Undergrad: 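Structure in structure tokens, see below.
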Amino acid sequence: MLMSANSLGLMGQQNAIGIDISGGYLRYHNSLEATIAGLNVRIPAGAWTCILGRSGCGKSSLLRYLANLLKDTAHWQGEVTTLPLGNSKHAIAYMAQEDLLMPWLSALDNVMLSTQFGSMPSRIKKTQWQFDKAHSLLQKVGLGNKANHLPEQLSGGMRQRVALARTLMQDQPVVLMDEPFSALDAVTRYRLQNLAYQLLQDKTVVLITHDPQEAIRLANQLYIMQGRPAFAELLVAPTSPTPRNFDAQCAELQQTIMDRLEQDYE
Amino acid sequence: MSNLNALMPVKLHPKKFLSNPLMRMIVSTAVIIGLWQGLVIGLELPSFILPSPFAVFEKLIDRHDVLLRHSWVTAQEILLGLLLGLTMGLIFAFQMLLFKPVKRWMLPILIASQAIPVFAIAPVLMLWLGYGIASKIVMAALIIFFPITTCCYDGLRNTPRGYLDLAKTMGATKWQMLRHIQLPAALPAIASGIRVAAVIAPIGAVAGEWVGSSEGLGYLMLQANARMMIDEMFAALFILSILSITLYFGADTLLKKLIPWKA
């Protein structure tokens with residue numbers, strides 16, 4: 001599996017990008033209170049950064065801001081530096097909690113969705129190369145035989161795997177994930193975490209989650225977001241390689257996180 | 001259980017028999033005809049009030065050439081009216097979506113226009129477009145214009161936000177978004193608009209024929225009524241309902257085939 005990432009030349013083309021946020025402040029136009037203030041987060045290149053927090057704490061807002069989706073609805077202050085400097089701000093792929101598969105497109109066409117967009121839509125010249133790439137990605141997520149199925153014919157786990165393949169098809173250096181595994185049952189989630197970890201190895205991944213276990217399994221860098229307005233605090237992630245099997249250290253960390261998160265509910 | 005099923009003749013299995021919509025329709029039609037005939041016999045209704053179903057059937061066969069000629073005219077009016085109304089509605093909905101000022105100015109006019117009954121406009125249309133097929137096409141188009149426009153506009157406007165966000169992060173332009181996300185996402189809503197239109201378009205066409213025409217099923221019904229040929233009137237009515245039902249189920253089947261996913 002390790003060799004597959006580079007064997008087809010699908011990934012690892014770009015140098016990984018890191019993101020530094022300092023003094024981040026975010027307020028929605030229709031709100032008087034800030035959602036985020038005094039936020040300092042360092043997202044290292046080519047690693048998984050997990051941001052934990054209770055629902056509604058503002059972690060999704062942060063991700064949506066990074067995905068450039070809040071341009072018209074929110075006010076942002078603070079410095080966002082991409083490293084190495086000069087890299088495009090739009091070099092991101094976005095994966096949400098819902099799979100967001102277009103119900104009218106087959107699994108394969110959903111994977112190829114991004115080829116319709118941008119300055120050079122390839123509707124006219126949908127190349128063989130793109131077909132092959134989409135096919136091989138579907139195979140990698142274990143759905144090679146479902147290429148022509150419509151989303152409604154697939155299970156929730158399969159749909160999220162198609163979404164993962166779609167994200168990989170975009171081949172962006174930064175992948176923003178907004179609780180993409182949270183709607184799945186425990187075992188499906190576990191397997192999808194492993195799969196995502198394998199396939200996104202040389203990407204910079206930002207994973208938003210409210211599940212401490214998920215964060216502990218996958219994080220190279222672990223933040224907890226809390227307070228109102230929200231700020232982020234760095235936690236010490238375990239040093240063992242990800243995806244981690246749960247050991248005593250992980251369990252202890254989970255307890256710490258639970259205690260911390262609980263404070264935020266008061 | 002499966003052995004038992006295999007032994008039982010399918011036809012005698014009432015549940016299975018009635019699960020077929022066509023069968024249900026045949027059964028209910030038979031029941032209605034039975035009641036109709038019962039009413040005619042039981043109340044001793046004269047044939048100029050309510051002709052028996054058999055008299056109507058006889059008329060259908062006797063006068064099939066006349067009936068067919070007029071049916072063809074009405075069918076043309078309905079289909080062309082559908083086409084025109086659909087095109088106008090789609091164009092209008094797109095205009096309102098793409099140009100905000102158009103929406104602000106046109107929506108009130110659109111709603112106000114619905115306050116005027118189409119029937120009231122009919123004489124004006126006759127005056128402008130003549131007694132021919134054109135005025136009926138416009139009638140049918142006018143009557144379906146509003147439901148088509150609103151369904152289409154709502155469908156285009158209510159694209160799930162997640163779809164739009166995803167396309168945005170993929171760098172979609174406004175036009176690409178419309179073409180690849182909003183339009184296909186609106187298709188199920190547009191389809192319900194078309195279903196409604198298929199049912200009410202015949203109303204527009206026939207009402208137009210009543211107001212002034214020289215051919216069509218509506219014209220035939222008026223003529224038959226004036227000459228007390230009630231059985232012929234019922235025959236025309238029968239064909240008209242068959243026409244409407246066929247149109248609806250035809251549209252429904254076609255749309256289900258073209259838009260197989262759920263909304």
Side-chain angles (χ1 to χ4, degrees), chain A residues 60 63-73 88-107 109-123 148-154 162-163 166-167 169-172 174-180 183, chain B residues 86 90 93-94 96-101 103-104 151-195 251-263:
Chain A
S60 283
L63 202 73
R64 292 173 62 78
Y65 169 74
L66 291 175
N68 211 20
L69 291 171
L70 297 180
K71 216 170 28 187
D72 304 323
T73 47
S88 161
K89 203 177 170 186
H90 300 285
I92 59 108
Y94 177 71
M95 204 175 159
Q97 180 179 354
E98 311 93 62
D99 47 70
L100 298 179
L101 299 183
M102 304 299 147
W104 57 89
L105 295 178
S106 68
D109 286 333
N110 264 298
V111 174
M112 296 182 67
L113 185 67
S114 59
T115 62
Q116 313 275 14
F117 302 132
S119 50
M120 275 218 306
S122 54
R123 187 84 194 139
N148 295 319
H149 285 51
L150 285 179
E152 65 180 12
Q153 296 168 292
L154 304 173
V162 176
R166 180 189 61 201
T167 309
M169 183 80 187
Q170 290 177 259
D171 200 13
Q172 300 289 7
V174 180
V175 176
L176 305 175
M177 298 177 128
D178 193 352
E179 305 189 10
Chain B
L86 197 63
L90 288 177
F94 273 105
M96 293 205 298
L97 187 83
L98 292 176
F99 309 109
K100 285 274 147 62
K103 182 201 151 193
R104 268 206 304 279
C151 282
C152 182
Y153 178 62
D154 281 346
L156 286 169
R157 212 179 31 163
N158 293 330
T159 316
R161 193 181 72 164
Y163 292 4
L164 300 175
D165 283 350
L166 183 71
K168 250 185 239 169
T169 62
M170 288 176 172
T173 61
K174 192 178 172 184
W175 172 248
Q176 288 168 344
M177 191 96 88
L178 188 67
R179 160 74 182 76
H180 294 292
I181 307 288
Q182 284 166 286
L183 184 60
L187 284 179
I190 296 174
S192 0
I194 295 177
R195 285 193 191 93
D252 190 49
T253 314
L254 188 69
L255 290 169
K256 271 191 188 135
K257 214 169 209 144
L258 291 175
I259 309 169
W261 68 91
K262 288 180 209 92

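From a predicted model like this one, the values you see are computed outputs, not experimental measurements. Worth knowing before you read on, the calculation uses all heavy atoms, side chains too, and leaves out hydrogens, waters and symmetry mates. Chain letters run A, B, ... following the sequence lines, proteins first, then strands; residues in each count from 1.
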Undergrad: Considering residues at least two apart in sequence or located in another chain, which fulfil the side chain to side chain contact (heavy atoms under 4.5 Å, CB included) criterion with B:N158?
TA: B:D154
Undergrad: Where do A:Q170 and A:I92 come nearest, in terms of heavy atoms and distance?
TA: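 Closest pair (atom of A:Q170, atom of A:I92, distance): NE2-O, 4.0 Å.
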Undergrad: Once the angle between the rings of A:W104 and B:W261 is folded into 0 to 90°, is it parallel (under 30°), tilted (30 to 60°) or perpendicular (over 60°)?
TA: tilted
Undergrad: Would you mind checking which part of A:L113 comes under 4.5 Å of any heavy atom in chain B, side chain (CB onward), backbone (N, CA, C, O), both or neither?
TA: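 A:L113 touches chain B through backbone and side-chain heavy atoms alike.
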Undergrad: Using non-hydrogen atoms and a 4.5 Å limit, figure out which bit of B:I259 sits close to chain A: side chain, backbone, both or neither.
TA: neither
Undergrad: Tell me, for A:L150 versus chain B, whether the close heavy atoms (under 4.5 Å) come from the side chain, the backbone, both or neither.
TA: side chain
Undergrad: Is the shortest side-chain heavy-atom distance between B:L166 and B:M170 below 4.5 Å?
TA: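 Answer yes - side chains close enough.
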Undergrad: Give, as side chain, backbone, both or neither, the part of B:P260 having an atom under 4.5 angstrom from any heavy atom of chain A.
TA: both
